[in-house]
Visitor: 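The structure under discussion is supplied below as C-alpha cells; questions concerning it will follow.
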Amino acid sequence: VALLYLVAARNRHAGGFRTEIRIVNGLPAALLTLFHPERRQAPRTLLRAIPGLSVIRPADANETAAAWLAALTHDGPTAIILSRQDLPVLAGTADAAAAGVARGAYVVRVAPSPDVVLVGTGSEVSVALEAAELLAAENISASVVSMPSWDRFQALPRTEQDAVIPRTVPRVSVEAGTTLGWERFVD
C-alpha cells in the first residue's frame with residue numbers, strides 16, 4: 001500500500017495565522033533509507049512515534065474531510081496518512097466522522113452486547129466491518145471502532161475512552177503489517 005503524507009503546520013503570527021501545507025510522497029530521504037520499499041507500514045509506525053506530531057489515518061472520504069479540518073484547526077503539525085486503494089464510503093460516517101476524528105476514535109458498528117470489539121484504522125476499518133458480518137453469521141456479536149488518531153484518542157479522559165472501547169470485552173486491532181503500539185488499546 002503506497003501512502004501519501006500530508007503534513008499541515010499551523011503557525012500563529014501577529015494578526016492571525018498562516019497555514020503551511022507540504023505534500024510529501026514518503027518520508028525525508030534520511031528516513032527512507034531505514035525501510036525496504038516493500039515495507040510501507042514502517043513509515044506510519046515511525047510517524048506515530050514522533051513527539052508532538054498528530055497522526056490521522058482516515059477510513060473513507062468522510063473521515064478524510066474531517067481529518068483535513070482537524071489538521072487545519074490543530075495547533076501543531078499533523079500527518080494525514082491516506083491509502084491509494086479504492087475505499088468504500090462507510091455507512092454512518094457522513095454524520096459521525098467530524099466528531100469521531102476530532103476525538104480520535106468512534107463506534108462505526110454498534111452491537112448492543114458485544115462479544116468482541118474490533119478496532120481498525122484507515123483502510124482496515126472496512127475489513128473490520130466485513131469481519132463483524134462474518135462473525136455475526138457465527139452468532140458472535142462484534143462492535144467495530146474506527147480509530148483514525150491514536151494521539152487524539154489517548155488525550156481523552158479514561159471514562160470517554162472506555163465508552164468507545166470497553167475494557168470488559170475482548171478487543172482486537174485490525175491494521176495490516178503491524179501490531180506495534182496497539183497493546184495500549186486492545187488485548
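Keep in mind that this is a model prediction, so the values were computed, not measured.
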Visitor: If every non-hydrogen atom of Ala66 is compared with every non-hydrogen atom of Ala97, which pair is closest and at what distance?
Guide: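 Closest approach of Ala66 to Ala97: CB-O, 3.7 Å.
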
Visitor: Under a 4.5 Å cut-off applied to non-hydrogen side-chain atoms, are Arg184 and Gln161 in contact?
Guide: no

Visitor: Enter the distance from Ser173:OG to Ile165:CD1 here, rounded to the nearest 0.5 Å.
Guide: 10.0 Å

Visitor: Would Val110 end up clustered with Val125 when hydrophobic side chains under 4.5 Å apart are linked, directly or stepwise?
Guide: no

Visitor: Using modelled atom types and a 3.5 Å cut-off, is there a donor and acceptor pairing between side-chain atoms of Arg171 and backbone atoms of Leu118?
Guide: no

Visitor: Hey, are the side chains of Ser149 and Val101 touching, using non-hydrogen atoms and a 4.5 Å cut-off?
Guide: no

Visitor: At their closest point, which heavy atom of Tyr106 faces which heavy atom of Thr93, and how far apart are they?
Guide: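 Closest pair (atom of Tyr106, atom of Thr93, distance): OH-CG2, 3.4 Å.
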
Visitor: Can you find a pair of side-chain heavy atoms, one from Val108 and one from Val145, that are under 4.5 Å apart?
Guide: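 Side chain of Val108 against side chain of Val145, heavy atoms only: no contact under 4.5 Å found.
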
Visitor: Examine distances only and state if a side-chain atom of Asp151 and a backbone atom of Arg48 form a donor-acceptor pair shorter than 3.5 Å.
Guide: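 No; judged by distance alone, with no hydrogens or angles, the pair does not exist.
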
Visitor: Please report the interatomic distance OG(Ser54) to CD1(Ile80), rounded to the nearest 0.5 Å.
Guide: 9.0 Å

Visitor: Looking only at heavy atoms, what is the nearest atom pair of Asn62 and Ala94, with distance?
Guide: ND2-N, 3.3 Å

Visitor: Less than 4.0 Å between a side-chain N and a carboxylate O, is that true for Arg57 and Glu124?
Guide: yes

Visitor: Report the distance from atom CZ of Arg109 to atom CD of Glu133, rounding to the nearest 0.5 Å.
Guide: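 Taking CZ in Arg109 and CD in Glu133, the distance rounds to 4.5 Å.
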
Visitor: Looking only at atom types and distance, does a side-chain atom of Glu63 sit under 3.5 Å from a main-chain N or O of Pro148, one as donor and one as acceptor?
Guide: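 Flag not set: sc Glu63 to bb Pro148 has no pair under 3.5 Å.
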
Visitor: Checking side-chain contact (heavy atoms from CB on, under 4.5 Å) for the pair Thr64/Trp68: CA distance, chi angles, key distance, verdict?
Guide: CA-CA 6 Å; Thr64 301; Trp68 183 249; 5.8 Å; no

Visitor: How far apart are the closest heavy atoms of Leu87 and Ala59, and which atoms are they?
Guide: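 Closest approach of Leu87 to Ala59: CD1-O, 3.5 Å.
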
Visitor: Would you check, one step at a time, whether the test side-chain contact (heavy atoms from CB on, under 4.5 Å) holds for Leu53 with Thr78?
Guide: CA-CA 6 Å; Leu53 178 65; Thr78 298; 5.6 Å; no

Visitor: For the hydrophobic clusters of this structure (ILVMFWY residues joined by side-chain heavy atoms under 4.5 Å, transitively), does one cluster hold both Val107 and Val116?
Guide: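 Different hydrophobic clusters.
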
Visitor: Over all heavy atoms of both residues, which pair between Val164 and Phe153 is shortest? Give the atoms and the distance, please.
Guide: CB-CE1, 4.0 Å

Visitor: For Leu90, does its backbone N or O pair with a side-chain atom of Asp60 as donor and acceptor, under 3.5 Å?
Guide: yes

Visitor: Would you check if Arg103 and Glu160 make a side-chain contact, meaning some heavy-atom pair closer than 4.5 Å?
Guide: yes

Visitor: Would you say Val119 and Val174 make side-chain contact, with heavy atoms under 4.5 Å?
Guide: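 Counting from C-beta outward, Val119 and Val174 never come under 4.5 Å.
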
Visitor: When the side chains of residues 136-144 are checked against the rest of the protein, which donor-acceptor pairs come out under 3.5 Å, sequence neighbours left out?
Guide:
unit_1 : atom_1 : unit_2 : atom_2 : d
Ser143 : OG     : Ala111 : N      : 3.1

Visitor: Kindly compute the distance separating CD1 (Ile56) from CH2 (Trp150), expressed to the nearest 0.5 Å.
Guide: 14.5 Å

Visitor: What is the minimum heavy-atom distance between Asp115 and Pro170, and which atoms define it?
Guide: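 Scanning both residues, the minimum pair turns out to be O-CD, 3.2 Å.
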
